[in-house]
Amino acid sequence: MSTYKKRTHTCGELRKQDIGKTVTLTGWIDVRRDLGGVVFIDLRDRYGKTQVVFAPQHNQQAYDVAQGLRSEYVISVTGNVEGRPADTENPDLPTGEIDVVGKELAILNKSETPPFPIEDEIDVSEDLRLKYRYLDLRRSAVQKNLLIRHCAYQVTRSYFDRNGFIEIETPILMKSTPEGARDYLVPSRIHRGKFYALPQSPQTYKQILMVSGFDRYFQIVKCFRDEDLRADRQPEFTQIDVEMSFADEDDVFRTTEGLIAELWKEILGIEIARPFRRLTYKDAMELYGTDKPDTRFALHIADCSSVVANSGFRVFSDTVRKGGVVAGFAVPALSNYTRNQLDGLTDLAKSLGAGGLVYFKHHSDRIESSVDKFVSPDEVKAIAQKIGSKNGDLGLIISGTWQKALTILGTLRLEMASRLDLIPEGHWNFLWITDFPLLEFSEDDKRFVAVHHPFTSPKPEDVPLLDADAATARARAYDLVLNGNEIAGGSIRIHSSELQSKMFGLLGIGPEEAKQKFGFLLDAFKYGAPPHGGIAYGFDRIVMLLTGQKSIRDVIAFPKTSSAMSLMDDSPSTVDKKQLDELHIRIL
RNA sequence: GGGGUCGUAGCUCAGCUUGGUUAGAGCGCCUGCCUGUCACGCAGGAGGUCGCGAGUUCGAGUCUCGUCGGCCCCGCCA
């Protein structure tokens, strides 16, 4: 039994046609306007706002209580729906044609003055919002993000269910495995000195589910990586994890494109054209200087190595001789860039590891370069032609190893697009990146590490390369990129224990260690593992893009700061010695 | 681990360059007045560990060093 009058309507639904009804609303005081003889309040819940008016002639007692109302008090109010007097309607509110005339008013709870107003447009520091997250989440702008996130869950579950995928939960307490990100560890109380790890992803489990014959699996699942944070990276985040048996790249792509199209259609009402464009990793790097290109603007990079191979400028010719690249791109109509601005770009390039930045200004009568002392006018002209520079453009040239020079150009490309406001809104440029390298050499560990993960299959035609020239072998791995954001990644997996063992060998994981760390997977593969592959989507990033937010913190109910703290509950925190003792742990 | 930037009233900021009277503004809050407001209006008022700690100085919000915290980036993120 309720001790207060329960609502008959929400604060967002009363309209003209409800005039004459006696209603009860519950909610929070959004704002109070006390005009002396009459008190207006806007009552808010997650559905909207409705104005309630209190005056002595309507009900003296309610009016008296109303004068004591303050922001964020929780009330229940009963009264009649009336049309507003002429010229007092509020066209900005859906409920702006009516008032509720307050006859009975109960304060269900008082509130302290909130540290910031509960409004859509607030100018307040993010740490304050995070400390009082419960108040931040009361704001409709933030609620809208979580509502869209909710819709994305429903669309995803419905889509995979309709397409024969089975949702299966996998353990949160699992075996710590080498490779990849740093694990979050959970000490075992029962087994002294042993630890579980929180999953970086359910990778091994979903592959084993394929061995078990589940054929098509999906899960919306929390993953944990103990690495430094970014605007689009949290230590715990949500993936849509998918795995399919008897599937190749085209099957995974088709499934993915169907999901994406449905999400965009259902949530934004936008038709996404399919199939998505595909670009190899090599082409993406050489054209955009990144493996997650934003293709909403051009500024294409071009290789100039061939025209500077015999340059008198030793930086260029030596780079080419050593197998590196000299490449650059033209920025339209920027030949008037100042020395100061160019010095800034040079500093940026150097901070990214470049030896320097060569630039030229493409004037109508000549091309003025920063290396005129070393490079002939004809050569500068040839470079300009190579990168497609036109009269009035600014050319930016970087030399270095293939990876480094192109990556720096990729960053400069984004920087210039941002400075010149070249990135159009309202475009959804989905792009598959394919043919990633299988391995890369880790200078830190002095060994190969997997670019994607150790279970990724090499391309069949590149398998012989594993013995001959492993660094050049390509993987059956793919990423889905949207407007410069990596929103999904996956691969066709290795399903033979022999090839998997060989892969471990290349990664410097000996038979003993492989057996100890991944024996369960290798064993499973001995019992009829189907060919399989899959993909995992960065759910938070997708919702961030669907909601137009700049950080995934804005689409996560209780996110952590960039130093991985939760300001609301102050975690991580110290624990009692007794807890540590039980876990056989001592703080060093 | 590194680079950049910010930290002054409940909130958003000014003051710092060039150290010096009682640290200001807007919003919010409190009190009073006000019967159609919706950024209500008018009048009055309260409110400060200048993030924290050292140092320089006759004197530090201001200069120096350290430290803590927010945000962005590099490294890192199979």
Side-chain angles (χ1 to χ4, degrees), chain A residues 30-43 49-58 63 67 70-71 82 84-93 95-96 99 101 112-119 121-132 135 177-183 199-201 203-204 223-235 237 347-348 350-353 407-408 411 414-415 436 438-440 442-445 448-456 475 477 486 489-491 503 507 509 518 536 538 550-551 553 560-563 565 567 570:
Chain A
D30 192 61
V31 64
R32 170 190 56 111
R33 291 177 295 277
D34 184 348
L35 274 63
V38 61
V39 175
F40 294 100
I41 59 152
D42 291 342
L43 192 63
K49 297 175 189 174
T50 297
Q51 178 167 279
V52 185
V53 54
F54 298 96
Q57 65 267 32
H58 301 131
Y63 167 76
Q67 284 184 311
R70 294 294 183 271
S71 292
E82 292 190 359
R84 294 197 190 181
D87 296 327
T88 64
E89 295 98 346
N90 185 347
D92 297 332
L93 280 182
T95 59
D99 286 323
V101 175
E112 291 187 14
T113 302
F116 51 82
I118 312 302
E119 297 166 0
E121 302 289 333
I122 58 170
D123 185 10
V124 62
S125 64
E126 191 169 353
D127 49 333
L128 201 72
R129 289 177 51 203
L130 291 176
K131 182 178 177 188
Y132 298 95
L135 295 179
T177 53
E179 304 293 308
R182 204 174 286 117
D183 278 330
Q200 299 171 29
S201 83
Q203 184 63 38
T204 50
C223 301
F224 306 85
R225 294 178 190 176
D226 187 4
E227 299 292 347
D228 287 348
L229 294 82
R230 291 285 187 280
D232 62 353
R233 275 167 34 188
Q234 284 271 306
F237 61 100
D347 289 344
L348 173 62
K350 284 181 175 172
S351 76
L352 297 168
T407 301
I408 292 165
T411 304
L414 281 177
E415 173 68 19
F436 280 88
L438 184 69
L439 303 164
E440 69 182 331
S442 164
E443 291 297 339
D444 287 347
D445 302 341
F448 280 119
V449 295
V451 168
H452 186 55
H453 58 51
F455 319 109
T456 296
E486 182 196 328
S491 63
M503 187 70 181
L507 296 172
I509 302 172
F518 297 109
K550 295 230 163 7
S551 163
R553 290 188 300 274
K560 293 182 176 54
T561 68
S562 63
S563 65
M565 295 209 300
L567 296 180
D570 195 31

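Every value quoted in this text rests on a predicted model; they were computed, and no experiment measured them. Just so we're on the same page: letters track the sequence lines, and every chain starts at 1. Only heavy atoms go into these numbers, but all of them, side chains included; no hydrogens, no water, no symmetry mates.
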*asked:* Any base atoms under 4.0 Å from Ser201(A), or only sugar-phosphate, or nothing? Heavy atoms, all strands.
replied: base
*asked:* Using a heavy-atom cut-off of 4.0 Å across all strands, would you classify Glu126(A) as base, sugar-phosphate, or nothing?
replied: sugar-phosphate
*Are Leu439(A) and Met503(A) close enough that some pair of their side-chain heavy atoms sits under 4.5 Å apart?*
yes
_Closest to side chain of Ala231(A), choosing from C11(B), C73(B), C77(B)_ = C73(B)
*In whole angstrom, give me the gap between the P atoms of C77(B) and G51(B).*
37 Å
*asked:* Strictly by Watson-Crick or wobble contacts shorter than 3.5 Å, is anything paired with G59(B), and which nucleotide is it?
replied: none
*Candidate nucleotides C29(B), U37(B), C72(B), ranked by approach to the side chain of Thr113(A) - the nearest*: C29(B)
*Integer angstrom distance from the P of G44(B) to that of C6(B)*: 37 Å
*Between G41(B) and U37(B) - P atom distance, rounded Å*: 12 Å
*Under the 3.5 Å rule, do the base of G41(B) and the side chain of Arg33(A) count as making a donor-acceptor pair?*
no
_A46(B): pairing nucleotide in any strand, Watson-Crick or G-U under 3.5 angstrom_ = none
*Could you tell me whether Asp87(A) contacts a base, only the sugar-phosphate backbone, or nothing, with contacts defined as non-hydrogen atoms closer than 4.0 Å?*
nothing
*Rounded distance in Å between the P positions of U56(B) and U62(B)*: 15 Å
_So Val39(A), base contact, sugar-phosphate only, or nothing? Heavy-atom distance under 4.0 Å._
nothing
*Could you give the distance separating C73(B) and G59(B) at their C1' atoms, to the nearest angstrom?*
41 Å
*asked:* With a 4.0 Å cutoff (strictly under), does any side-chain N or O of Arg129(A) reach OP1 or OP2 of G70(B)?
replied: no
*Could you tell me whether Ala55(A) contacts a base, only the sugar-phosphate backbone, or nothing, with contacts defined as non-hydrogen atoms closer than 4.0 Å?*
nothing
*So does Ser125(A) get a side-chain nitrogen or oxygen closer than 4.0 Å to the phosphate oxygens (OP1/OP2) of U12(B)?*
yes
*Would you check if Asp232(A) and Glu486(A) make a side-chain contact, meaning some heavy-atom pair closer than 4.5 Å?*
no
*Any idea which heavy atoms bring Phe237(A) and Gln200(A) closest together, and the distance?*
CZ-O, 4.2 Å
*Less than 4.5 Å apart, any side-chain heavy atom of Thr113(A) and any of Ser71(A)?*
no
*In this structure, which one of Arg33(A), Lys49(A), Arg32(A) forms a salt bridge (Lys or Arg N to Asp or Glu O under 4.0 Å) with Asp42(A)?*
Arg33(A)
*asked:* Under 4.0 Å, heavy atoms only, any strand: does Asp34(A) hit a base, just the sugar-phosphate, or nothing?
replied: base
_Output the rounded distance in Å from CG (Asp232(A)) to P (C71(B))._
14 Å
_C76(B): pairing nucleotide in any strand, Watson-Crick or G-U under 3.5 angstrom_ = none
*Base, sugar-phosphate, or nothing: which does Glu89(A) touch, judged by heavy atoms less than 4.0 Å apart?*
base
*Please report the closest heavy-atom contact between Phe116(A) and Leu135(A), naming both atoms and the distance.*
CZ-CB, 3.9 Å
_Once you apply a heavy-atom cut-off of 4.0 Å, does Asp123(A) come out as touching a base, just sugar-phosphate, or nothing?_
sugar-phosphate
*Phosphate OP1/OP2 of C30(B) contacted by Arg70(A) side-chain N/O (<4.0 Å)*: yes
*Do Leu507(A) and Glu179(A) come within less than 4.5 Å of each other through their side chains, counting heavy atoms only?*
yes
*asked:* Work out how far the C1' atom of G75(B) is from that of U8(B), and round it to whole angstrom.
replied: 35 Å
_Measuring from the side chain of Arg230(A) (C-beta onward, heavy atoms only), which nucleotide among G70(B), C73(B), U35(B) has the closest atom?_
C73(B)
*Considering just the side-chain nitrogens and oxygens of Arg233(A), establish if one lies under 4.0 Å of OP1 or OP2 belonging to G75(B).*
no
*How far does the C1' atom of G7(B) sit from the matching atom of C16(B), given to the nearest Å?*
14 Å
*Counting only distance, no hydrogens or angles, is the base of U37(B) paired donor-acceptor with the side chain of Arg84(A) under 3.5 Å?*
yes
*Does a nitrogen or oxygen in the side chain of Ser351(A) sit under 4.0 Å from OP1 or OP2 of G3(B)?*
no
*asked:* Quick check on RNA chain B: between Val124(A) and Val53(A), whose nearest nucleotide comes earlier from the 5' end?
replied: Val124(A)
_Euclidean distance, atom CD of residue Gln57(A) to atom P of G36(B) [Å, nearest integer]_ = 11 Å
*asked:* Looking only at the side chain of Asp42(A) (C-beta and beyond, no hydrogens), which of the listed nucleotides C72(B), G70(B), C38(B) gets closest?
replied: C38(B)
*Base paired to C34(B) (Watson-Crick or G-U; both N/O distances under 3.5 angstrom)*: none
*Assigned partner base of C65(B), Watson-Crick or wobble definition, under 3.5 Å*: G53(B)
*Length of the line joining Leu414(A):CG and C73(B):P, which is rounded to integer Å*: 12 Å
*Check every strand shown and say whether Phe116(A) touches a base, only sugar-phosphate, or nothing at a heavy-atom separation below 4.0 Å.*
nothing
_Partner nucleotide of C13(B) by Watson-Crick or wobble geometry (both distances under 3.5 Å)_ = G24(B)
*Under 4.0 angstrom, heavy atoms only, what part of the nucleic acid is Pro115(A) near: base, sugar-phosphate, or nothing?*
sugar-phosphate
*May I ask you to say what Leu128(A) touches in the nucleic acid, namely base, sugar-phosphate or nothing, with a heavy-atom cut-off under 4.0 Å?*
sugar-phosphate
_Residue whose closest nucleotide on RNA chain B lies nearer the 5' end, Thr88(A) versus Gln200(A)_ = Thr88(A)
*Ignoring hydrogens and angles, answer whether the base of G75(B) and the side-chain atoms of Asp228(A) contain a donor-acceptor pair closer than 3.5 Å.*
yes
*Pick the P atom in U64(B) and in C38(B), then give their distance to the nearest Å.*
49 Å
*Determine whether Thr561(A) and Leu567(A) make a side-chain contact, defined as any pair of heavy atoms from C-beta on separated by less than 4.5 Å.*
yes
*Taking the side chain as every heavy atom from C-beta outward, state whether Thr204(A) and Thr177(A) have any atom pair closer than 4.5 Å.*
no
